[in-house]
Amino acid sequence: MAWLLRSRHFRRNLKACGLSPRELMRSMSHSVRYLRQCERRRDPYPVVVVDGFLDGRMMTLVSQSFPGSDDMEDMPVERTRNAMARRNRKLFRLNPESLEGLPVDRAAFWAVFSAFIDLLSPEMMHALPDPAPDMRVESFQSGFKVRKDLWMDRGGFQISPHTDGVQKYATFLLYCSAHPSLEQEGTSVFVPKDNGFRSWSGKQFKFDDFDEVFRAPYRKNLVFGFRKTDNSFHGKYPGETTVEARKTISITVQSKRLFKV
């Protein structure tokens with residue numbers, strides 16, 4: 001954190017979005033504390049649920065700065081073959097090219113937030129329980145990079161059980177919408193009805209071939225995270241029509257060797 005705060009460019013971004021260095025450090029301490037005391041699940045694969053992930057100031061800025069639908073793109077085919085995702089999900093890639101299209105204060109905030117998550121990512125990975133010895137995982141030997149995306153889902157979005165792309169070490173989903181109608185719209189953990197079935201490829205399978213064993217409550221400022229394994233089946237049942245869109249920040253820790261933008 002100290003080396004980042006010595007950067008003039010970073011300090012300008014802090015000032016532009018109304019954050020002080022002290023507030024940023026307080027936000028980091030808050031998230032680290034919540035990660036260390038979060039709910040952890042080892043079965044059927046490593047999962048964390050972090051309620052209250054961001055402090056109040058940071059969460060307020062996330063809500064105020066979240067791009068509108070017109071600032072986002074449709075999900076591209078290179079990201080997903082899921083037709084429901086391409087039809088019902090909007091994407092904003094948190095990278096310098098995308099930030100150029102936003103107002104200065106909002107672009108400055110997302111640049112700060114991206115760096116904040118990069119600094120926090122080792123602690124996020126550490127919060128996950130270790131995978132069981134019989135689970136296949138990607139080796140850390142190639143190093144890692146972190147991709148941050150902003151999503152906006154409308155009613156009808158769904159994605160059937162899958163284990164995630166082979167380039168990923170872990171995925172963390174920060175829920176950003178607050179309407180109570182969204183409570184049951186969180187990500188589900190599935191186990192295959194065919195005991196012992198595994199998949200490494202990330203292929204999507206039929207809902208009917210799996211049982212739901214846990215569903216993360218969709219609540220504002222809650223993080224659902226999991227380790228990518230060959231049995232990390234997760235998905236999202238078809239969405240209901242709700243008053244508010246389902247806004248989510250996707251944070252994926254990926255192998256540097258296999259990184260996918």
Side-chain angles (χ1 to χ4, degrees), residues 1 4-5 7 9-39 48-72 89-96 98-121 123-124 127 146-154 172-183 185-187 216-225 242-252:
M1 175 73 80
L4 190 60
L5 291 173
S7 163
H9 179 69
F10 185 77
R11 292 178 72 93
R12 281 198 299 269
N13 280 336
L14 276 178
K15 185 176 181 180
C17 68
L19 272 175
S20 69
R22 180 173 295 181
E23 286 176 314
L24 184 67
M25 294 180 72
R26 188 162 56 238
S27 294
M28 179 67 69
S29 296
H30 171 98
S31 294
V32 168
R33 184 170 68 253
Y34 274 66
L35 282 164
R36 292 179 178 177
Q37 65 187 27
C38 69
E39 177 186 351
V48 292
V49 178
V50 191
D51 207 350
F53 177 67
L54 300 177
D55 70 356
R57 176 71 171 136
M58 187 67 78
M59 191 67 235
T60 295
L61 286 170
V62 165
S63 298
Q64 292 175 346
S65 305
F66 210 96
S69 179
D70 291 343
D71 295 316
M72 308 177 89
R89 169 168 285 176
K90 290 282 192 175
L91 166 70
F92 186 90
R93 307 174 200 242
L94 210 52
N95 58 35
S98 296
L99 294 183
E100 289 178 357
L102 294 180
V104 172
D105 58 339
R106 290 166 62 195
F109 169 72
W110 287 117
V112 168
F113 184 83
S114 181
F116 175 84
I117 293 298
D118 284 340
L119 288 172
L120 199 56
S121 58
E123 193 75 39
M124 296 169 74
V146 184
R147 187 180 76 194
K148 288 83 62 176
D149 292 324
L150 312 184
W151 294 341
M152 183 184 294
D153 299 338
R154 295 293 180 182
F172 300 88
L173 302 175
L174 170 58
Y175 300 148
C176 300
S177 300
H179 200 275
S181 66
L182 295 170
E183 180 79 13
E185 297 296 314
T187 303
Y218 189 100
R219 287 200 294 266
K220 185 175 182 178
N221 205 15
L222 182 145
V223 162
F224 168 76
T242 56
V243 173
E244 186 172 354
R246 185 175 176 265
K247 299 176 182 178
T248 301
I249 300 176
S250 167
I251 301 160
T252 57

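FYI, the numbering just counts along the sequence from 1.
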Asker: I need the D55 CG to M28 CE distance, nearest 0.5 Å.
Answerer: 10.5 Å
Asker: On a heavy-atom basis, which atom in D105 and which in A16 lie closest, and how many Å separate them?
Answerer: CB-O, 3.6 Å
Asker: Which heavy atom of A245 sits nearest a heavy atom of M152, and at what distance?
Answerer: CB-CG, 3.6 Å
Asker: Among residues at least two apart in sequence or on other chains, which ones pass side-chain contact (heavy atoms from CB on, under 4.5 Å) with T187?
Answerer: L173, Y175, F224, H234, R246
Asker: What distance do E123 atom CD and S31 atom OG have between them, rounded to the nearest 0.5 Å?
Answerer: 10.0 Å
Asker: Nearest 0.5 Å, what's the CG-CD1 distance between L94 and I117?
Answerer: 9.5 Å
Asker: Looking at every heavy atom in both C176 and K220, which two are closest together, and how far apart are they?
Answerer: O-CG, 3.8 Å
Asker: Quick one: side-chain contact (heavy atoms from CB on, under 4.5 Å) partners of P21, sequence neighbours excluded?
Answerer: L5, R11, L14
Asker: By side-chain hydrogen bond (donor to acceptor under 3.5 Å, both in side chains), which residues pair with Q64, not counting sequence neighbours?
Answerer: none
Asker: Locate the shortest heavy-atom distance separating S177 from L182; write the atom from each residue and the value.
Answerer: CB-CD1, 3.4 Å
Asker: Is there a side-chain contact between E100 and P96 in this structure, where contact means two heavy atoms from C-beta onward sitting under 4.5 Å apart?
Answerer: no
Asker: With the side chain counted from C-beta on, respond yes when L120 and L35 share a heavy-atom pair under 4.5 Å apart, and no when they do not.
Answerer: yes
Asker: Go through the steps for R106 and D71 under the test salt bridge (charged side-chain N to carboxylate O under 4.0 Å, His left out), then give the verdict.
Answerer: CA-CA 12 Å; R106 290 166 62 195; D71 295 316; 3.7 Å; yes
Asker: Do T248 and D149 have side-chain heavy atoms sitting under 4.5 Å apart?
Answerer: no
Asker: Give the ring-plane orientation class for W110 versus F113, where under 30° counts as parallel, over 60° as perpendicular and anything between as tilted.
Answerer: perpendicular
Asker: Give, for atom CZ of R57 and atom OG of S20, the distance between the pair rounded to the nearest 0.5 Å.
Answerer: 8.0 Å
Asker: Heavy atoms, side chains only, cut-off 4.5 Å: are V50 and Q37 in contact?
Answerer: no
Asker: Taking the side chain as C-beta and beyond, is there a heavy-atom pair between L91 and W151 under 4.5 Å?
Answerer: yes
Asker: F10: what forms a ring-ring contact (aromatic ring centres under 6.0 Å, His included) with it, not counting sequence neighbours?
Answerer: none
Asker: Just verifying a value: how many Å separate D51 CG and R219 CZ, rounded to the nearest 0.5 Å?
Answerer: 4.5 Å
Asker: Any side-chain heavy-atom pair from L174 and N221 closer than 4.5 angstrom?
Answerer: yes
Asker: Please examine the side chains of Y34 and L54, heavy atoms only from C-beta on, and report whether any two atoms are closer than 4.5 Å.
Answerer: no
Asker: Side chains of H179 and S181 only: does a donor on one sit below 3.5 Å from an acceptor on the other?
Answerer: yes
Asker: Considering non-hydrogen atoms only, spot the tightest contact between F53 and V223 and give its length.
Answerer: CG-CG2, 3.5 Å
Asker: Would you say that V48 contacts F172 through its side chain, given a criterion of any heavy-atom pair below 4.5 Å between the two side chains?
Answerer: yes
Asker: May I have the step-by-step check of side-chain contact (heavy atoms from CB on, under 4.5 Å) for L99 and F92, ending in yes or no?
Answerer: CA-CA 9 Å; L99 294 183; F92 186 90; 4.0 Å; yes
Asker: Drop me the distance from M25's CE to S29's OG, to the nearest 0.5 angstrom.
Answerer: 7.0 Å
Asker: For K148, check side-chain hydrogen bond (donor to acceptor under 3.5 Å, both in side chains) against everything at least two apart and list the hits.
Answerer: S114, D118
Asker: Would you please name every residue forming a side-chain contact (heavy atoms from CB on, under 4.5 Å) with N95, sequence neighbours left out?
Answerer: R93, E97, S98
